[in-house]
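To find a chain, count down the sequence lines: A is the first, B the second, and so on, and within it residues start at 1.
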2 protein chains.
Amino acid sequence: MSTTRARLLEQVADDSQRHYADYMLFNQAMADHLGLHPTDLQCVSLLDLESAPVSVGDVARLTGLTSGSATRLVDRMVKAGLVERHPDPHDRRRQLVALAPEARARIGAAWDEPGRAFVAVLDSYSDDELRLIADYLRKAAAVGRDQAARLAGGGQA
Amino acid sequence: MSTTRARLLEQVADDSQRHYADYMLFNQAMADHLGLHPTDLQCVSLLDLESAPVSVGDVARLTGLTSGSATRLVDRMVKAGLVERHPDPHDRRRQLVALAPEARARIGAAWDEPGRAFVAVLDSYSDDELRLIADYLRKAAAVGRDQAARLAGGGQA
DNA sequence: AGATTTATCTGCGTTACGCAGATACTTCTC
DNA sequence: GAGAAGTATCTGCGTAACGCAGATAAATCT
């Protein structure tokens, strides 16, 4: 591998790290702005992404919290009117968690301007370029997921 | 704008959101693995990125914490042997925070395998493609930074 | 039916965090 | 250069998010 190639790889890795740092900052600012704990906002985001019903245990898995903490997270969010708890008709032990419609609107409104700015960036790329970016995002996400799994339990299992 | 273009933009935005969700999970798993609070790991990452000396106040700005919390964050990290505090020779009010060499090695080792997996993904792209990805990362980071600033103080200033 | 596993919830202790005020130092103004 | 204003860090205090371990209830296995 040539030196310039190595340098390019290093450069992208560095850009990636800075990119994540800025994202974290944005995420905290957004949570503050909405009067939420960062974890709560993360949970909202997760619920927004999932089309299938999500149980409290799923919340725990998706956030990396323990089951007890997930219960309290949902408690908090129900109290704040962000989500609703519904018993699972197929398993009476489980509670399904769903975004409250009113919360979806409220959070959606807060995403309005950041979303516009972000889409403006995306819109500066061609279709092919966007497909490449999407491909990268999916592959990087897969690495994150795999490595998280490895660190969490894969080590000794 | 054609419908397929709109759908493509939506698709990339969705991939981006999932990508961030997976990153958060990885970040927490990594922090747990190192026995650190996620904030501490974030701080390590920030110190790793900055080449210029970083003060406690800088840590507060870069993490989004208040100055008091930043002081405690640095306290914690000094106690854990992650960073060292040195008085700023040019301003005796300030304390400069630097990664402890031993910590850099320890954290670096933990990044070894995830780093390899990540670079493997990057290596599957051509030079031009990598330049495009880097460009995207920088632009997305800029959006995050701008929007964080807007949410934090730009609203009424 | 009884035993085991699984999903959620509940005490309890630890600790990260924000807020507000204190202290030490620098910079500005005259 | 003395006093005022601004800035960097630290400290006391209260709140609350989190993990852990055990309780409870319902599903699944034998």
Tell me yes or no: between the side chains of B:Gln17 and B:His19, is some donor less than 3.5 Å from an acceptor? no

Side chain to side chain donor-acceptor pair (under 3.5 Å) filter on A:Thr63, not counting sequence neighbours, yields none

Applied to residues 32-46 of chain B, the salt bridge (Lys or Arg N to Asp or Glu O under 4.0 Å) test, sequence neighbours excluded, yields B:Asp40-B:Arg76

message: Once you apply a heavy-atom cut-off of 4.0 Å, does B:Arg72 come out as touching a base, just sugar-phosphate, or nothing?
response: base

Query - salt_bridge(B:Asp128, B:Arg131) N-O dist < 4.0 Å - result: yes

Residue set satisfying side chain to side chain donor-acceptor pair (under 3.5 Å) with B:Thr71, at least two apart, ordered chain then number -> none

Residues in residues 29-52 of chain B with a heavy atom under 4.0 Å of DNA chain C, by number, are B:His37, B:Thr39

At a 4.0 Å cut-off to heavy atoms of chain B, the contacted part of DNA chain C spans C:dA16 to C:dT26

By side chain to side chain donor-acceptor pair (under 3.5 Å), A:Gln11 pairs with (sequence neighbours left out) A:Asp15

Expected list for residues 55-67 of chain A near DNA chain C, using heavy atoms below 4.0 Å, is A:Ser55, A:Val56, A:Gly57, A:Ser67

In short, the helix from C:dA1-D:dT30 to C:dC30-D:dG1 is bent end to end, axes from five pairs each side, to 10°, by 30°

Taken in chain and number order and not counting sequence neighbours, the residues that satisfy salt bridge (Lys or Arg N to Asp or Glu O under 4.0 Å) with A:Asp146 are none

Assess whether a salt bridge exists between B:Arg5 and A:Asp123, defined as any Lys/Arg side-chain N lying under 4.0 Å from an Asp/Glu carboxylate O.
yes

Quick note, salt bridge (Lys or Arg N to Asp or Glu O under 4.0 Å) partners involving residues 17-29 of chain A, not counting sequence neighbours, are A:Asp14-A:Arg18, A:Asp22-B:Arg145

Its contact letters, B for base, S for sugar-phosphate only and - for none at protein heavy atoms under 4.0 Å, make nucleotides 23-30 of chain D read ---BS---

Hits for side chain to side chain donor-acceptor pair (under 3.5 Å) against B:Ser51, two or more places apart or cross-chain, chain-then-number order -> none

